[in-house]
Amino acid sequence: MTSYRRATSAVLVLGFAQAACAAVTVDLAPLRPAVGRGDDVQVRVTLTNTSSVAQHVLRWRTPQGGVEAPLFEVRRDGAPVRYLGIQVKRAPPTAADYLRLAPNASVTQTVELSALYEMNVTGAYTVRYHSPAAPQGPAAMQAVAGELTSAPVSIWVEGRLPRGSKSAPAAATAASPGLAFSKCSNAQQEQLAAAVDAGRAMAADSHAYLATRQPYGARYLTWFGAQDGQRGAQDGQRSAQVGASFTAIKDAFETRPLRIDCGCNAPYYAYVYPAQPYTVYVCKAFWGAPLTGTDSRGGTLVHELSHFDVVAGTDDHVYGQSGAAELARTAPARAVDNADSYEYFGENTPPLQ
């Protein structure tokens with residue numbers, strides 16, 4: 001905490017930096033010169049046309065509409081920090097690809113950096129905006145801005161990982177062994193670590209229930225149907241399948257290289273590619289879900305891990321508690337292959353014995 005305070009006072013001097021590039025200047029300012037663990041790292045970028053004629057800037061050389069190139073040079077304790085965002089192959093630009101800046105006009109955009117660069121390690125960071133000059137635009141256009149660059153600003157970051165850690169995205173922590181992130185901000189990484197812990201606990205509890213409780217009670221009956229011996233030999237096969245599936249889900253949480261991608265903006269909870277373990281893509285509904293309980297973040301991870309072919313190879317026959325309960329009652333052979341059934345068994349809300 002002492003280093004946090006010392007860094008805060010030191011970087012206030014560099015709270016706002018400006019550098020000129022031809023007729024367009026780039027002003028770079030951190031929203032906060034020091035951020036704590038789990039806080040986003042945000043900077044404000046302002047491009048200003050200081051000339052008396054309109055200037056044209058390629059949109060993808062600006063953060064307007066999102067960052068799709070390494071527009072910033074980031075260093076931690078003097079060493080370069082890796083860019084984690086996308087890089088795109090594009091067609092040659094047309095007039096529609098340029099942002100027009102009228103004389104003395106400005107555009108400003110706030111950018112969250114920790115989802116784009118390795119910033120989950122504690123340290124003193126310097127950030128500079130730098131976009132090299134682009135090819136000349138269409139002949140009918142007025143001036144096209146050249147290199148866009150700012151002076152560096154300083155930000156102290158208290159990261160999830162201690163100062164000096166290497167290979168930050170793939171580093172393991174005691175709370176989340178084998179957990180890595182893509183396109184996830186520092187704040188999202190903190191929430192995801194908690195969600196993985198919750199999902200791991202659900203898988204362990206489910207595994208223990210299936211391994212030690214005989215006969216199975218209402219919890220099993222509600223989500224997977226009649227227990228062994230009530231409907232013949234197939235019941236034993238189904239319960240064995242559920243037990244093996246939860247053993248594999250538990251193993252995936254505890255020993256596999258789980259990777260979570262936060263780049264999805266679709267309205268659903270999450271998705272995976274079953275043949276590509278162990279990457280989970282979390283989407284908008286995930287962030288509005290509770291940590292535990294029905295349709296929770298932890299339960300969502302149980303659901304998604306069950307989809308991987310090397311784990312349980314489940315399908316999505318039905319969604320929702322009522323649908324899953326009806327499936328267990330009327331088609332238990334499908335219930336033991338249904339991802340939501342594993343999620344609701346793991347969440348166990350309301351609790352059943």
Side-chain angles (χ1 to χ4, degrees), residues 195 198-211 213 215-228 230-253 256 258 266-283 285-286 289-290 292-353:
R200 184 187 300 118
M202 292 175 190
D205 176 72
S206 300
H207 179 267
Y209 177 102
L210 294 165
R213 179 181 287 271
Y216 297 150
R219 180 177 178 183
Y220 182 92
L221 180 66
T222 299
W223 303 119
F224 295 118
Q227 66 186 85
D228 298 356
Q230 292 184 344
R231 292 190 179 179
Q234 288 187 346
D235 296 330
Q237 296 174 2
R238 287 196 294 271
S239 62
Q241 179 179 340
V242 173
S245 294
F246 267 115
T247 296
I249 294 168
K250 178 176 179 287
D251 178 73
F253 272 114
R256 303 303 175 180
L258 180 60
Y268 27 83
Y269 284 88
Y271 68 91
V272 298
Y273 294 95
Q276 298 177 21
Y278 293 88
T279 297
V280 179
Y281 300 84
V282 294
C283 306
F286 179 90
T292 58
T294 302
D295 294 319
S296 64
R297 295 177 185 176
T300 294
L301 296 180
V302 171
H303 175 120
E304 296 303 335
L305 289 187
S306 78
H307 277 317
F308 290 122
D309 295 337
V310 296
V311 178
T314 61
D315 206 336
D316 289 314
H317 296 296
V318 298
Y319 292 112
Q321 280 197 335
S322 61
E326 179 66 11
L327 193 68
R329 188 183 69 81
T330 61
R334 297 177 70 200
V336 300
D337 186 47
N338 185 57
D340 255 6
S341 302
Y342 286 88
E343 175 176 344
Y344 296 137
F345 186 92
E347 292 171 338
N348 197 26
T349 306
L352 299 170
Q353 297 303 314

*Quick one: list whatever passes side chain to side chain contact (heavy atoms under 4.5 Å, CB included) with A195, sequence neighbours left out.*
F286, L291, R297, L301

*What distance separates S296 OG from E343 CD, expressed to the nearest 0.5 Å?*
6.0 Å

_Rounded at 0.5 Å granularity, tell me how far OH in Y344 sits from CG in N338._
9.0 Å

*Who are the salt bridge (Lys or Arg N to Asp or Glu O under 4.0 Å) partners of D251, not counting sequence neighbours?*
R256

*So, for D316 and A339, which heavy atoms are closest and what is the spacing to 0.1 Å?*
OD1-CB, 3.6 Å

_Given 3.5 Å as the limit, does a donor-acceptor pair link the side chain of Y216 with the main chain of L210, or not?_
yes

*Give a yes or no answer on whether the side chain of T314 reaches the backbone of A312 with a donor-acceptor pair at less than 3.5 Å.*
no

*Dump the intermediate steps for side-chain contact (heavy atoms from CB on, under 4.5 Å) on V318 and E326, then the final yes or no.*
CA-CA 9 Å; V318 298; E326 179 66 11; over 6 Å; no

_Can a donor-acceptor pair be found, under 3.5 Å and without considering hydrogens, that links the side chain of D315 to the backbone of D337?_
no

Got a list of side-chain donor-acceptor pairs under 3.5 Å for residues 269-283, not counting sequence neighbours?
none

_Non-hydrogen atoms of A285 and P267 that approach each other most closely_ = CB-O, 3.3 Å

*Once the angle between the rings of Y220 and F345 is folded into 0 to 90°, is it parallel (under 30°), tilted (30 to 60°) or perpendicular (over 60°)?*
perpendicular

*Shortest non-hydrogen contact between E347 and T300, atoms and distance*: OE2-N, 4.4 Å

*To the nearest 0.5 Å, what is the distance between CG (L258) and CD (E304)?*
11.0 Å

*Considering all heavy atoms, the nearest G217-Y209 contact*: N-OH, 2.8 Å

*Do you know which two heavy atoms are closest between A252 and V311, and how far apart they sit?*
CB-CG2, 4.3 Å

*Could you walk me through whether F253 and V302 pass the side-chain contact (heavy atoms from CB on, under 4.5 Å) test, one step at a time?*
CA-CA 9 Å; F253 272 114; V302 171; 3.9 Å; yes

*Return the minimal non-hydrogen interatomic distance between G346 and F246, and the atom names on each side.*
N-CZ, 4.4 Å

*If you measure from OG1 on T349 to CE on M202, what distance do you get to the nearest 0.5 Å?*
7.0 Å

*Does V336 offer a backbone N or O that forms a donor-acceptor pair with the side chain of Q241 under 3.5 Å?*
yes

_Run the side-chain hydrogen bond (donor to acceptor under 3.5 Å, both in side chains) test against N348 and tell me which residues pass, sequence neighbours left out._
none

*With sequence neighbours excluded, what pairs up with H307 under the ring-ring contact (aromatic ring centres under 6.0 Å, His included) test?*
H303

_Is any side-chain heavy atom of S341 closer than 4.5 Å to one of F224?_
yes

*asked:* Contact between Y342 and W223 at the side-chain level, heavy atoms closer than 4.5 Å - yes or no?
replied: no

*Roughly how far, to the nearest 0.5 Å, is OG1 of T222 from CG of L352?*
5.0 Å

_Which residues pass the salt bridge (Lys or Arg N to Asp or Glu O under 4.0 Å) test with D205, not counting sequence neighbours?_
R219

